[in-house]
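For ligands, and for the atoms within them, numbers begin at 1 and follow the listed sequence.
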Amino acid sequence: MKILQVSAELFPLLKTGGLADVAGALPRALLAAGQDVRVLLPGFPAIRDGVADAVQVAELEAPWGERARLRLGRIGTEGGPDLRAYWIDAPWLYDRPGNPYEDAQRQPYQDNHRRFALLGFAAARIAHGLDPGWQPQVLHAHDWHAALAPAYMAFSPRRGPQRVGSVFTVHNLAYQGLFAPWHFADLGLPAAAWGIDGLEYHGQLSFMKGGLGFADRITTVSPTYAREIQTPEQGCGLDGLLRRRAGVLSGILNGVDDQVWNPATDALLPHPFEPGQLAGKMRCKAALQTQLGLAPEALAPLFVVVSRLTEQKGLHLVLGGLDALLAQGGQLALLGSGDAWLEQAFRERAAAAPRSVSVTLGYNEPLAHRLFGAGDVTLVPSLFEPCGLTQMYGLKYGSLPLVHRVGGLADTVVDATLEDMADGRATGFCFETFDAEGFARALRRAFALYRRPADWDAVRASAMGRPADWRGAAARYLDIYAQALA
Ligand code: ADP
Ligand code: GLC
């Protein structure tokens with residue numbers, strides 16, 4: 001099948017969160033399954049520089065009149081075929097340093113509606129034959145950045161003889177791409193695309209609704225989140241629309257990219273390890289304690305956090321529970337960046353107890369790997385979590401996840417209850433109520449288990465053995481593509 005995947009990020013070229021990991025891994029899993037996949041990305045500097053041998057394949061005129069070029073090149077893949085990648089050459093929109101969405105003051109760029117409308121527009125044009133050399137059968141758009149693609153396809157006057165299916169994946173319903181209503185005029189869509197059944201959301205312009213309203217099939221990144229977003233509590237005001245489209249909505253759990261996240265082969269770890277052979281993991285822990293200036297205590301349970309520091313991630317619970325964590329003899333190592341108040345609060349805690357709390361602010365891919373490699377417990381107490389990848393990396397690297405039982409966290413972590421331990425299913429620690437007490441009790445359970453090494457080893461073995469590769473997820477996406485085509 002010929003598939004065009006459309007996203008704003010793609011690991012390893014450009015990443016601000018889990019979207020990039022998925023956008024990088026899924027096409028490669030589809031290639032490995034014998035599919036003809038290409039990707040489309042905005043021409044951000046990191047994309048432009050990371051796509052090799054790019055040649056112009058077409059010109060296109062944005063709905064508001066500016067002329068851009070479509071280029072096609074390839075992204076090399078270790079141990080696999082190259083991935084063919086289109087990018088939109090429009091430097092006045094994309095050639096800006098740093099974060100792809102925000103300026104240096106962390107404010108969204110004023111012209112984001114145009115920057116990402118062009119992504120959806122170009123995608124729809126490719127779907128309808130813009131590149132004379134290749135036309136997809138299915139277009140797969142990710143998140144609000146690409147969400148106008150299905151709307152442009154639905155309203156396109158330039159549709160060819162071949163019907164092209166569209167699939168839209170929600171990675172996070174909380175980020176909707178909302179803009180002032182007058183920007184609708186820029187999009188070049190007919191008046192029928194406005195209104196409650198179109199892109200209007202309480203008087204504003206919603207890119208997300210382009211995907212939710214017009215794609216043939218909608219997916220999200222875990223079965224539990226697929227149910228949650230149909231409720232008023234978690235629907236972000238779109239639950240009604242999602243309930244109406246429930247027949248074409250499904251949840252497909254993300255996988256873990258084995259090429260990037262595998263403790264047996266991970267070149268970013270100082271010592272490799274694998275299930276049943278954990279001497280390397282202990283050495284990773286010792287090395288990390290030294291690197292971060294933590295006390296070199298092999299038996300102090302090491303809790304790690306690798307996260308965006310935003311309200312979604314529930315990290316105020318970690319701050320609130322930190323005294324109890326330290327009192328029970330634990331250490332905390334955090335890597336993250338985001339909201340200023342959280343950065344400041346964690347920085348202060350590290351300054352007050354540098355031998356047991358380490359805080360690294362910023363984005364650091366190698367350190368992320370080392371944290372999972374060294375950790376005993378990975379903390380992911382998110383308020384909501386569409387899928388969550390860090391708990392899966394924690395599982396695979398034997399750093400048992402401690403999670404709030406929501407979304408993808410509920411679908412990937414089995415609490416260490418006596419019965420699930422007896423059945424060999426337990427893989428971590430879950431709490432139900434999103435408050436200090438819920439978190440504190442899960443923390444207690446983690447410490448209690450840690451003091452029982454044989455049980456700890458058994459749970460860790462289950463965690464590390466949990467199957468999580470992308471092959472299964474890719475097969476499910478292929479089913480969805482077939483449905484979108486039908
Ligand atoms: P989200 O996409 O909501 O941020 P996920 O758990 O799905 O959450 O994915 C987060 C991804 O970003 C993971 O690959 C994680 O390792 C990575 N990550 C988050 N913060 C950092 C950071 N400060 N440095 C390096 N990697 C990070
Ligand atoms: C989003 C979600 C996260 C998910 C990721 C990849 O960023 O917040 O839960 O794992 O997308 O699908």
Side-chain angles (χ1 to χ4, degrees), residues 5 7-12 14-26 99-101 140-146 168-177 208 219-226 228-229 234 236 251-257 259-261 266 268 304-315 333-339 342-343 346 358-373 375 378-397 399 401 403-404 406-413 468 470 473 477:
Q5 174 185 281
S7 64
E9 305 180 15
L10 184 140
F11 184 85
L14 178 66
K15 164 168 164 176
T16 71
L19 167 66
D21 288 3
V22 174
L26 176 58
N99 184 295
Y101 316 112
H140 183 180
H142 294 269
D143 264 358
W144 74 262
H145 323 106
F168 177 61
T169 295
V170 181
H171 292 264
N172 196 333
L173 199 64
Y175 299 99
Q176 300 188 359
M208 180 67 93
T219 73
T220 187
V221 286
S222 71
T224 295
Y225 193 62
E228 288 171 346
I229 56 178
Q234 293 231 47
C236 301
I252 302 177
L253 205 56
N254 290 330
V256 172
D257 189 343
Q259 297 281 333
V260 184
W261 296 99
D266 190 336
L268 297 172
V304 301
V305 175
V306 179
S307 186
R308 291 185 290 117
L309 305 182
T310 63
E311 195 186 343
Q312 175 191 344
K313 301 296 179 176
L315 295 166
L334 175 142
L335 167 64
S337 68
D339 293 356
L342 276 167
E343 291 194 351
F346 278 111
S358 159
V359 169
T360 308
L361 299 176
Y363 186 85
N364 187 332
E365 191 76 24
L367 182 57
H369 285 246
R370 295 183 67 141
L371 285 168
F372 296 118
T378 300
L379 297 174
V380 195
S382 307
L383 172 60
F384 66 93
E385 196 60 78
C387 177
L389 296 172
T390 59
Q391 85 281 8
M392 293 206 264
Y393 301 154
L395 287 166
K396 194 149 180 199
Y397 282 62
S399 180
V403 306
H404 180 209
V406 284
L409 302 173
D411 293 340
T412 51
V413 182
W470 264 101
Y477 278 108

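Here the side chains of Asn254 and Trp470 are in contact, with some heavy-atom distance below 4.5 Å. At least one side-chain heavy atom of His140 sits under 4.5 Å from a side-chain heavy atom of Tyr477. Residues Ser307 and Thr390 form no side-chain contact, since every pair of their non-hydrogen atoms from C-beta on lies 4.5 Å or further apart.
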Dump all N/O pairs between ligand 1 and the protein below 3.5 Å as a table: atom names plus distance, one pair per row.
| unit_1 | atom_1 | unit_2 | atom_2 | d |
| --- | --- | --- | --- | --- |
| ligand 1 | 2 (O) | Gly18 | N | 2.7 |
| ligand 1 | 3 (O) | Arg308 | NH2 | 2.7 |
| ligand 1 | 3 (O) | Lys313 | NZ | 2.8 |
| ligand 1 | 4 (O) | Arg308 | NE | 2.7 |
| ligand 1 | 6 (O) | Leu389 | N | 2.8 |
| ligand 1 | 6 (O) | Thr390 | N | 3.4 |
| ligand 1 | 7 (O) | Leu389 | N | 3.3 |
| ligand 1 | 8 (O) | Lys313 | NZ | 3.1 |
| ligand 1 | 9 (O) | Gly18 | N | 3.2 |
| ligand 1 | 14 (O) | Lys15 | NZ | 2.8 |
| ligand 1 | 14 (O) | Asp21 | OD2 | 2.7 |
| ligand 1 | 23 (N) | Gly362 | O | 2.8 |
| ligand 1 | 24 (N) | Asn364 | N | 3.0 |

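Atom CD of Glu365 sits in a crowded spot, with more than 12 heavy atoms from other residues, nucleotides or ligands closer than 6.0 Å.
With atom 2 (C) of ligand 2 as the reference point, the heavy atom nearest to it among Arg308, Gln391, Lys313, His171 is part of His171.
Which parts of ligand 2 touch Val221 is read off a 4.0 Å heavy-atom cut-off, strictly below it: atoms 12 (O). Set against the non-hydrogen atoms of Val22, the atoms of ligand 2 under 4.0 Å away are 6 (C), 12 (O). Within ligand 2, the atoms closer than 4.0 Å to a non-hydrogen atom of Asn254 are 6 (C), 10 (O), 12 (O), numbered from 1 in the order shown. Here is the list of ligand 2 atoms found below 4.0 Å of a heavy atom in Gln312: 8 (O). Less than 4.0 angstrom separates some heavy atom of Glu385 from each of these atoms of ligand 2: 2 (C), 3 (C), 8 (O), 9 (O).
Distances shorter than 4.0 angstrom occur between a heavy atom of Gly388 and an atom of ligand 2.
The aromatic rings of Trp261 and Tyr397 lie perpendicular to each other, with more than 60° between the two planes, well past the 30° mark. Taking the six-membered ring for Trp and thresholds of 30 and 60 degrees, Tyr101 and His145 have nearly parallel ring planes, at less than 30 degrees apart.
When all heavy atoms of Leu315 and Phe346 are compared, the pair lying nearest together is O-CZ, 3.8 Å. Residues Ser222 and Gly407 come closest through the heavy atom pair OG-C, 3.6 Å.
For the pairing with His369, the side-chain contact (heavy atoms from CB on, under 4.5 Å) check across Val306, Asn364, Val260 returns one residue only, Val260.
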